[in-house]
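Inspection log for the structure reproduced underneath, given as structure tokens.
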Amino acid sequence: MASVPQEAGAAGRKRQTRSTSVILLNFLGSMNLAITLLVAIAIASVIGTVVQQNQPYEDYLSKFGPFWFQVFDNLGLYDVYSAMWYLAMLAFLVVSVSVCLVRQTPGMLREMGKFREHQQERSLRAFRNHREWQTTLQPEEVEAVAARALKHNGMRMRRKDHGHGVLLAGMAGSSNRIGYVLTHLAIVVICVGGLVDGNLMLKYREWTGDLTLETRNIPVSQIGEESRIPPGRGSFRGMVNIPEGAGARVVFLPLRDGYIVQELPFRIEVEEFRVEHWDTGEPSLFESDLIITGDDIDEPIHHTLRVNHPLIIDGYAIYQSSFGDGGSTLNLRGWSLLGDGAEPLDIEQRVSSREEIEIADGGLTLELTEFETFNTRRVPGTENREMEELGPSFEYRLRAADGSAREFHNYMRPVDIDGRKFFLSGMRTTPQEPFRYLHLPADRNDRPDTFLFFHDALSSEEGLRDASERGAWVAMQEFGLAQEELVPQVAATGRELVRQLLDEGFGAVMTDLEARMADQGEESTQQSLIMFSRLVLERTLWEAFSDAREAAGDDLERELDEADQHFFQDSLSTIPALAEYGVPLFLELDSYNHRQATGLQIARAPGANIVYFGSALLVAGIFLLFYVSHRRVWCWIRRDGERTMLLVAGANQRDPLSFERKFAALGDEFDKRLRAAESTTDRSDSGDA
Amino acid sequence: MSTPQETMQAGFDERGFFRRLSAFDWLWALAFLAGTIYASMEFAPWMDRYEQGILYLSWATLVAVGWMWKPARLFSIVVTLVTLFALARYPDLAAGQSDFFLNYLLSSQAAIMWMCALFLAATPVYFAGLLLRSEFLNKLGTALTWLASGAGFVGLLVRWWESYLIAPDVGRIPVTNLYEVFVLFAFTTALIYLYYEHRYRTRAMGGFVGLIICASIGFLLWYHFAQGAHEIEPLIPALQSWWMKIHVPTNFVAYGAFAIAAMIGVAYVIQARNPQKWQERGLPSADVMDDLMYKNIALGFAFFTIATILGALWAAEAWGGYWSWDPKETWSLITWLNYAAWLHLRFTKGWRGVPMAWWAIIGLFVVTFTFLGVNIFLSGLHSYGEL
Ligand code: HEM
């Protein structure tokens, strides 16, 4: 305090009388708070990009576990940007900017009008940028030169006669100060606009008990009044999925783990939804044909809605935002994998409905969850990175009586992998894991039948007995061992080998055989026994294969080729994998009746125009701040004996470095102007002489 | 009163900005106007009125830049002539392989490869110029940078044409995937740098700025050869919008300026360890670098603000809301707040020096995350450019 000059006493007394509100204002308007807030908001915003926002609560629960789920929920991390603490920070920023504005604006506006024409010669000399001339010109002439130079440099001027000299005070770029005001005002305006469009009002009404969140997945007609908002002037942003041929008069406003129903003053009907594709399989177009009717709409509006081209009706904006299945009907064929020789089941079911299915050992519930007609993606379960169009696929859940469920993702058509064709069926036990794909070889008719019959022949008691007896007989004949009474015994061995093969694979079969034969006499005897066993196995498999081919309607007289050989091998390696499939049912998609749903986003954003206005202010403000430099130049002219003295000084607080260069150029200009003026007067002088 | 003639001789010029423009300035602007009018009529079937607007806006921008920064005029003429030459030889895609000029020089592939090579050459030349204090090498660096920028610019323009050669409805402006925007980034950064090189009359920063360009070239080459990203693929519906034509380039002016600021930050930190030695070598003084850093951050901030607003307007049209807290939007906000804090510290608290230089460097990491990281690590509505 001691070093502060005279007024300190008065200021000190004033300070004592300062109320807490002034101290608060000082705090709110302080630069430290402002910078802290800017950085803090930036850091806090990161959270919402790391934790995916507004997901179903079960997902968070399974991701974080019950304890952290609760902690994060309390912190509002699942919807950070409308969490209280986050909004509070934004509010503080707005208050801080406002306080800043209120305190600085008057001073800045005053400064814009002030030319500071009372500067003294001494204080001008103290400027970092100043320069001085002595000239033979008259003061009036110097003044004229200076005025021209200032004007040429875009300066407005004020002249002040100090008696012993004249001061020309020039100033340019004072709109820089307006830039400050606009920039910061814009922040406030934008935040206000955002507030108008945010869902704070909704939350408030929910908090006061005026509205109740609906969390159940029930038809709109059953949703009670307490979860509905009638059409009004307020802002909202919601989603609705409408199947083709259906209509809707509401949108759903998601909030936490539930939603509120917003009623619309019109009804939207969807005639058709279309997706078109580029050759690469990427979508090229999404569009919906809509018919909009309403009490205030005289003629029904027919409109084709596309991405990036919203339809705006009476302040309500309708956007093409997503699409999904609207209840397609799938005709499925259910193949039993139990080895019971059962006929395939015919199932007709709509997507997103469920059905009980009887299979041999108790019921399963089939829930069809998704259906897509196009799948451009990498072939699942391969290394191949190329994108391919894999055709229609569907997803379903099979729930056992005990409630446990597995999810499946099957493709309708076989997929080409290295020149061989497979039906892909993905399975997973929880929604978090990726699907693991089973490859079921397709036969020469591009059907799964042969494989499934083959599997059936090998896993059913009866089928395998049949095949093994024929196989044993063939093998014995080939081995020159035609004793019919031995067939049952050899066939039993063959069946055992088949079961082992299917359970443990070919390698295990061979090592086991070698171990068992180790004590059977001579080396050569062992070898031939192994060869014989192997032959029995192969012939048995082959017989079963023939049965399957016959069942699938293949011509048994046909010469077999390499493709059949591959099919046979692939089948044998796929069958053991079926053990992990988990359910004794494979669903094949036979045909479908496609019905799509379009996902519309509908919004009313009365605050948008405020935000846009604020944005315009912001851009204008920033450019004024950065690219209009506020600079002042003073020219002090006085008589100095015979001659005239000119002192030019200048300043630009915000951009001193460029100003230094500018001032140097200005100095040179003055110099040249003075000399030019001197030479003209010299000429006239000499004329006089 | 002295006549303009006299004042010219006296070494200063009484005339206002427009009066000071030369006949060449006017001729140049008019020639481009004629070209613009021709294009707007010739390609009218492919453009809506917004795109017409953007076309004329581009012309106005070009003229403004060229009048304020004279070398841009020659650059624009050369780029235009070379592009026209390439297009004339390019009636169908097959010509890209069979025509000598296209195959080795001017097809988008070739031109972009030339850009890469020239940038990779310019950087060491600049550094050699700095360390050996060779004015010749410095000038060579500048020349290489101009050539590289031209090659990149031509490359993108020709690529635009190529996309229409694939099929008229596949045609689109080449700023829609990571490969294209990396090319855009490389030459916009270089051009902004060249502007400041001209304004501040120092070539000492060339190597430093070159480093970041080379880094992006490295990525580009990897992306090209390992991922085949140079293939032109048609647009998904969300990107079929004229907003993209202004949103993306505006963003890249900002990214370029921020990148330059960060690299000047690097130079600043290096010279701060031994100012005397480095200034003898030709690095500008701390004050000048500080000023350059500020100018670039200000430029970046201004354009980033515009780009973000354009993005919001586009989002309002495409997704039904101007702000959805999508990760890309949020990271833009983070970037923006970060530089706002930087500007306030500098202006209201008067911070200067090494900490601010470090902050500018860290700022580039934030920018990089906004530009790339979001696409790689986070999911959201900004679907383009997945790796
Ligand atoms: C999101 C919030 C804000 C933004 C985007 C913003 C933007 C800006 C910009 C661009 C500048 C110009 C810097 C330059 O000239 O290089 C500036 C200056 C300034 N800001 Fe802010 N600002 C914000 C918040 C605040 C707050 C909260 C305060 C008050 C506590 C504040 C006070 C100031 C002051 C005093 C100046 C210096 C004006 C001058 O004399 O040139 N700003 N601001």
Side-chain angles (χ1 to χ4, degrees), chain A residues 31-32 34-35 38-39 41-43 45-46 48-50 52-53 80-81 148 152 194 197 237 278-280 282-286 306-310 317-321 601-603 605 608 611-612 615-616 618-619 622-623 625-627 654-655 657-658 665 668-669 672-673 675-677 680, chain B residues 2 6-7 10-14 16 167 169-170 233-241 243 287-288 290-291 294-295 298-299 301-302 305-306 309 312-314 316-323 325-328 330-331 333-338 340-341 344-345 347-349 366 374 378-380:
Chain A
M31 208 57 228
N32 288 344
I35 291 169
L38 291 178
V39 175
I41 293 173
I43 292 172
S45 304
V46 175
T49 66
V50 177
Q52 269 203 33
Q53 302 285 290
V80 171
Y81 307 113
R148 264 216 303 284
H152 176 230
D197 285 345
R237 188 165 163 200
W278 301 109
D279 294 339
T280 57
E282 293 278 329
S284 65
L285 177 81
F286 300 117
R306 281 193 288 146
V307 177
N308 272 322
H309 299 276
I318 306 173
Y319 306 85
Q320 178 68 58
S321 129
Q601 167 136 233
I602 303 178
V611 171
Y612 299 160
S615 304
L618 183 63
V619 173
I622 286 179
F623 272 86
L625 260 178
F626 288 155
Y627 296 110
R654 299 189 61 268
D655 195 2
L657 211 63
S658 350
D668 290 347
E669 183 179 333
K672 285 167 186 150
R673 281 180 189 276
R675 251 184 281 139
T680 30
Chain B
S2 43
E6 277 173 311
T7 54
F12 63 90
D13 196 336
E14 285 268 16
D169 60 352
V170 170
E233 306 227 317
L235 282 187
I236 58 167
L239 295 181
Q240 298 166 9
S241 168
W243 284 106
D287 272 354
V288 170
D290 178 87
D291 191 49
Y294 162 68
K295 287 276 156 55
L299 180 73
F301 191 79
T305 306
I306 298 177
I309 292 170
L313 290 170
W314 184 6
E317 194 161 304
W319 303 332
Y322 47 83
W323 196 262
W325 295 103
D326 151 82
K328 193 97 176 176
T330 310
W331 274 94
L333 178 71
I334 293 167
T335 308
W336 190 72
L337 290 172
N338 177 49
H344 281 92
L345 269 183
F347 265 95
T348 55
K349 309 236 94 177
V366 180
V374 172
L378 307 174
S379 61

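Sequence lines set the chain letters: A, B, ... in the order given, protein chains first and strands last, and positions in each chain run from 1. Scope of the values below: all heavy atoms of this structure, side chains included, with no hydrogens, waters or symmetry mates.
- The CG atom of B:N338 sits 11.5 Å away from the OG atom of A:S45 when rounded to the nearest 0.5 Å.
- For a residue to count as touching a neighbouring chain, one of its non-hydrogen atoms must lie under 4.5 Å from one of that chain's; by this rule B:A316 touches chain A with backbone and side chain alike.
- Of the possible polar contacts, none joining the A:H152 side chain to the A:R148 backbone as a donor-acceptor pair under 3.5 Å is found.
- For B:L345, the parts lying under 4.5 angstrom from a heavy atom of chain A are both the backbone and the side chain.
- Remark: B:W325 engages A:Y81, A:Y86, B:W323 in a ring pair (Phe, Tyr, Trp, His ring centres under 6.0 Å) (not counting sequence neighbours).
- Residues A:I622 and A:Y627 are not in side-chain contact: their nearest non-hydrogen atoms beyond the backbone lie 4.5 Å or more apart.
- With a 4.5 angstrom heavy-atom cutoff, B:W243 does not touch chain A via any of its atoms.
- When heavy atoms are compared at a cutoff of 4.5 Å, B:S241 approaches chain A by way of both its backbone and its side chain.
- Remark: B:D291 engages B:K295 in a salt bridge, criterion side-chain N to carboxylate O under 4.0 Å.
- For A:A317, no part lies under 4.5 angstrom from a heavy atom of chain B.
- Separating the CD1 atom in A:I41 from the CD1 atom in B:I334 is a distance of 11.0 Å, to the nearest 0.5 Å.
- Contact of A:S321 with chain B is not made at all, since no heavy-atom distance falls under 4.5 Å.
- Of the atoms belonging to B:V366, not a single heavy atom falls under 4.5 Å from chain A.
- The greatest number of non-hydrogen atom pairs below 4.5 Å with chain B, out of A:Q601, A:R306, A:R675, is found for A:Q601.
- Contacts between A:Q320 and chain B at a heavy-atom distance below 4.5 Å involve the backbone alone (N, CA, C, O).
- For A:F286, the parts lying near chain B are the backbone and the side chain together; criterion is any non-hydrogen pair under 4.5 Å.
- Proximity to chain B (any heavy atom under 4.5 Å) is restricted, for A:V611, to the side chain, taken from C-beta onward.
- Chain B forms more heavy-atom pairs under 4.5 Å with one residue of A:A34, A:G48, A:A608 than with any other, namely A:A608.
- Every residue two or more places apart in sequence or in another chain that forms a salt bridge (charged side-chain N to carboxylate O under 4.0 Å, His left out) with B:D290 is listed here: B:R346, B:R352.
- In this structure, the separation between OH on B:Y294 and CG on A:L657 is 12.0 Å, given to the nearest 0.5 Å.
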